[in-house]
Amino acid sequence: MAPISTQWTRLIRFVAAETAQIHIGQPVDPRLDVGLAAWNKQTIRVYELSGSAFDPASHVTSNILTVEKLLSPLSREEMKVVRCLGLNYSDHAAETKMAKPAAPILFYKPLASMIGPNAPIFIPKVAQPVEEHLSDYEVELTIVIGKAAKNVSEADALDYVLGYTGANDVSFRKHQLTTSQWGFSKGFDNTTPLGPVLVSHNAIPNPQEIPLTCTLNGQVLQDGNTNDQIFNVRQTVSFLSQGTTLEPGSVILTGTPKGVGFARKPAIVLKNGDDCRVWLGHGIGTLINPVIEEGHHQAKL
């Protein structure tokens, strides 16, 4: 089957200042870090896109809009399901003193957990106090499936990928480590940032050479590359499609490199008022989110 063809390279979703409506578009400046610009309240000019992200006929128009509010590249309604891989980087397995898995470790996230750029990561009371529950950050390359995939081979797997974006798989280690199932500990409402840009697979022919970092309050804590993945993107898409239809809009988080907070001595935790930033190269950019603990004063946006 032929690869997906997009007529756009970098897609963002946003509320336009001119219309107060939600649009999708391509930034006028191809080099702009849209997430960082939005956080700094810089003017972001965007060529409006016709249609939807999943419409092959969607094209870049000449109509220019201005970003009033940057949103995640996909709405919750467009996400069919959120699948996630755990323990998928060799260096992360080493730092946690865990054996490399023989097959991908899979868990799911509820759609209610997904948020966009600049939105606060909300730590619920069930995950407090944070020093005990070990609230943690995880920068992750994220795959978006563009057409139905079932029983696909590794050789053909990238043909089903619409594009790539970033995510922060915020995790709560006390809950995670008390059970073998991770869905509860990684699925609280409004805890998983996604974005800021969806980069077409056409612009990233090799997803195994993407640098990615996480910075907390100005300190770089993760600095990795997707070339360290245990199961690469081709293997992941192929494996997850066996006997299972990956529908268009399926979102796949692909694991995190070393540097997570709970593996450090002493542990580093996400707490009220923190500024957490994940960055991915190849045009994806910086995903910035403040942290709020339920019951505390709201962090400044």
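Residue numbers start at 1 and run along the sequence shown.
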Hey, are the side chains of Asn272 and Ile292 touching, using non-hydrogen atoms and a 4.5 Å cut-off? yes

Applying side chain to side chain contact (heavy atoms under 4.5 Å, CB included) to Phe54 and not counting sequence neighbours gives Ser52, Leu74, Glu78, Val144, Leu162, Pro248

*Between Leu287 and Leu253, is there a shared hydrophobic cluster once you connect ILVMFWY residues whose side-chain heavy atoms come closer than 4.5 Å?*
no

Residues Ile288 and Gly35: closest non-hydrogen pair is CD1-O, 4.2 Å

Between Gln208 and Gln229, do the side chains contain a donor N or O and an acceptor N or O under 3.5 Å apart? yes

Closest heavy-atom pair, Ala157 versus Ser238, reported as atoms and distance to 0.1 Å, is CB-N, 4.2 Å

Check whether any side-chain heavy atom of Leu216 lies under 4.5 Å from a side-chain heavy atom of Ile268, and answer yes or no. yes

Output for pair (Ile115 CD1, Asn289 CG), nearest 0.5 Å, gives 5.0 Å

For Asp189, the salt bridge (charged side-chain N to carboxylate O under 4.0 Å, His left out) test, sequence neighbours excluded, returns none

Distance col, row Ile64:CD1 vs Arg45:CZ, nearest 0.5 angstrom, shows 4.0 Å

What one should report as the nearest heavy-atom pair of His282 and Glu209 is NE2-O, 3.1 Å

Side chain to side chain contact (heavy atoms under 4.5 Å, CB included) between Met114 and Ser72, worked out:
CA-CA 9 Å; Met114 308 303 291; Ser72 62; over 6 Å; no

Within the distance-only criterion (no hydrogens, no angle test), does the side chain of Arg10 pair as donor or acceptor with the backbone N or O of Gly283 below 3.5 angstrom?
yes

Residue set satisfying salt bridge (charged side-chain N to carboxylate O under 4.0 Å, His left out) with Lys271, at least two apart, ordered chain then number -> Asp274

| Given side chains that start at C-beta, do those of Ile121 and Pro193 come closer than 4.5 Å, heavy atoms only? | yes

Check your understanding: Got Asp169 and Lys109 here, is their nearest side-chain heavy-atom distance under 4.5 Å?
Key -> yes

Item to check | hydrophobic_cluster_shared for Ile210 and Val199, side chain cutoff 4.5 Å | outcome: yes

Taken to the nearest 0.5 Å, the spacing of Glu68 CD from Gln21 CD works out to 12.5 Å

d(Tyr89 OH, Glu140 CD) to nearest 0.5 Å is 7.5 Å

Output for pair (Leu106 CG, Leu85 CG), nearest 0.5 Å, gives 6.5 Å

Q: Report the C-alpha distance between Phe231 and Phe239 in whole Å, list the side-chain angles of each, state the deciding distance to 0.1 Å, and finish with yes or no for ring-ring contact (aromatic ring centres under 6.0 Å, His included).
A: CA-CA 9 Å; Phe231 303 101; Phe239 178 87; 7.3 Å; no

For Glu154 and Arg234 the tightest heavy-atom approach is O-NH1, 3.2 Å

Is the backbone N or O of Thr66 less than 3.5 Å from a side-chain atom of Glu18, with the two atoms forming a donor-acceptor pair by type?
yes

Step by step, work out the side chain to side chain contact (heavy atoms under 4.5 Å, CB included) result for Glu294 and Phe122.
-> CA-CA 7 Å; Glu294 182 179 7; Phe122 188 79; 3.5 Å; yes

CG of Asn168 to CG of Asp136, rounded to nearest 0.5 Å, is 9.0 Å

| said: For Asn63 and Thr61, which I'm curious about, is there any donor-acceptor pair between the side chains at under 3.5 Å? | reply: no

Given side chains that start at C-beta, do those of Phe172 and Thr191 come closer than 4.5 Å, heavy atoms only?
yes

Transitively linked via ILVMFWY side-chain contacts under 4.5 Å: Leu141 with Ile145? yes

query: Stepwise, does the side chain to side chain contact (heavy atoms under 4.5 Å, CB included) test hold for Val130 with Leu270?
result: CA-CA 7 Å; Val130 293; Leu270 296 178; over 6 Å; no

For Leu36 and Asp33 the tightest heavy-atom approach is N-OD1, 3.2 Å

Result for side-chain contact (heavy atoms from CB on, under 4.5 Å) between Tyr160 and one of His201, Lys150, Lys147 points to Lys147

- Item | Connected via hydrophobic side-chain network under 4.5 Å: Ile204 and Leu32 | yes

Checklist line | Arg264 atom CZ: more than 12 heavy-atom contacts under 6.0 Å | finding: yes

message: Applying side chain to side chain contact (heavy atoms under 4.5 Å, CB included) to Thr226 and Tyr164, what does each step give before you reach the verdict?
response: CA-CA 12 Å; Thr226 54; Tyr164 304 95; over 6 Å; no

Closest non-hydrogen contact found for Gln222 with Thr256 is NE2-OG1, 2.8 Å

Inset, instruction - Find out if a path of hydrophobic residues (ILVMFWY) with successive side-chain heavy-atom gaps under 4.5 Å connects Leu11 to Leu70. - result: no

